[in-house]
Amino acid sequence: MIIEVLVTNSPLALPDKNHIPSGAVARFTGIVRPEENDAQISALTYEGYEPMATQTIHHILTSLHRDYGFDSARVQHRLGTIPVGEAAIIVEITSKHRAAAFTVVSEFMDRLKVDVPIWKVKAVRS
Amino acid sequence: MIIEVLVTNSPLALPDKNHIPSGAVARFTGIVRPEENDAQISALTYEGYEPMATQTIHHILTSLHRDYGFDSARVQHRLGTIPVGEAAIIVEITSKHRAAAFTVVSEFMDRLKVDVPIWKVKAVRS
Amino acid sequence: MTILYFAQAADAAGCATEEWPVTLPLSVDEFWQEAIRRHPGLAALRPHCRIASDCQYLTEGQQIAPDGEAAILPPVSGG
Amino acid sequence: MTILYFAQAADAAGCATEEWPVTLPLSVDEFWQEAIRRHPGLAALRPHCRIASDCQYLTEGQQIAPDGEAAILPPVSGG
């Protein structure tokens, strides 16, 4: 099992791997949307407790691996001010079969939104 | 709503879009695995009734759009001999919210495996 | 009528495509009778296959136009 | 003890980080009492926040070492 976690202030980039031995690759990208609480915005600022965020993401993935199994997990979360239309998070799970890959991505997102210390702290109005 | 469908004999490539107005991008990539029916293989040959495959993929996506709504759908399926580790299919749905995007990718795959005239016709033993 | 055979149906027919000199529409049942007369190996596949004409799946009551295209489609396995 | 305030907790405290000259471990309750004494605005957040020490969420019975790090974490909203 491979787990790669990156919490960064830079734009995210998760290049496709050229040659994957798993049968299924499920990927979720969360993008900053142009409206937040009914207001038009141009960017969203995220803050994070970085070492704990990284560690908590690792814990969640390890626990999901115990429950569902997968071949690899790559997670990137961006912090700082993210312009509308750019990625705040990318989650990619590779697995032998489709169902497990989807379930893990989905459960990961649910648990991230409860336990990973990252916050949307400010919307930049447009 | 944008629907892009490609059924092709060439290697698949679905470049990330740089700037997406939707909040959620769910993507599934199906990769040729190194074993098929318990035998080690080096490639898998797919055959398709190409115009009908393209049209049926469109129909399925249109029907899923009616049921769940989404902003855009991109589907690519490769035909011919695909080496192990390379993509046979890529499905990408963008949507305002995560749940709809995942559901559509997942239901699309279920319906593809019932109705889209594409067949695995030959495993190349390694 | 242009006939297309795919996957196991092409194996059983020994070819991928064929022209039939028909002048009247064929029902799905008539279509199968003719296909099996030409390629007896298709009989075993019939219960598992669907017929499409001009890229649409046909149901039992429908007909295939004499200048149309008809395809024998074994259970699919894409993705 | 190094204290970290995040998101609304940083707004309420008016700072992101602080040093407390403590020489004994603090319980979670003692920790909150001291935090609220320094920054009364934190009182309203207390029911919604969790405390982490050295990157682990703490439960009521646990203690924070005097040379440790403690963070006040409002409800998260990542992703």
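In the text below, chain A, chain B and the rest are named by the order of the sequence lines, each starting its count at 1. Quantities reported herein were computed from a predicted structural model and do not represent experimental measurements.
- Between chain A and the options A52(D), P74(D), A71(D), the largest number of non-hydrogen pairs under 4.5 Å is found for P74(D).
- With a 4.5 Å cut-off on non-hydrogen atoms, I118(A) touches chain D through its backbone and its side chain both.
- Only the side chain of V121(A) comes within contact range of chain D, with heavy atoms under 4.5 Å apart.
- In this structure, the side chain of K113(A) engages the main chain of G78(D) through a donor-acceptor pair within 3.5 Å.
- Using a 4.5 Å cut-off between heavy atoms, L4(D) contacts chain A through its side chain alone, with no backbone atom that close.
- Under the 4.5 Å side-chain criterion, counting only non-hydrogen atoms from C-beta, R50(D) is in contact with D115(A).
- Top candidate by heavy-atom pairs under 4.5 Å with chain A, chosen from C55(D), A10(D), A7(D), is C55(D).
- Between the CZ atom of F6(D) and the CE atom of M52(A) there is a distance of 9.0 Å, given to the nearest 0.5 Å.
- In terms of heavy-atom proximity, L112(A) sits nearest to V76(D) at O-CG2, 3.8 Å.
- Both the backbone and the side chain of Y49(A) come within contact range of chain D, judged by heavy atoms closer than 4.5 Å.
- Nearest heavy atoms, W119(A) versus L73(D): CH2-CD2, 3.6 Å.
- Judged by distance alone, the side chain of Y46(A) and the main-chain N or O of S77(D) form no donor-acceptor pair under 3.5 Å.
- Applying the 6.0 Å contact sphere to NZ of K120(A) captures more than 12 heavy atoms from other residues, nucleotides or ligands.
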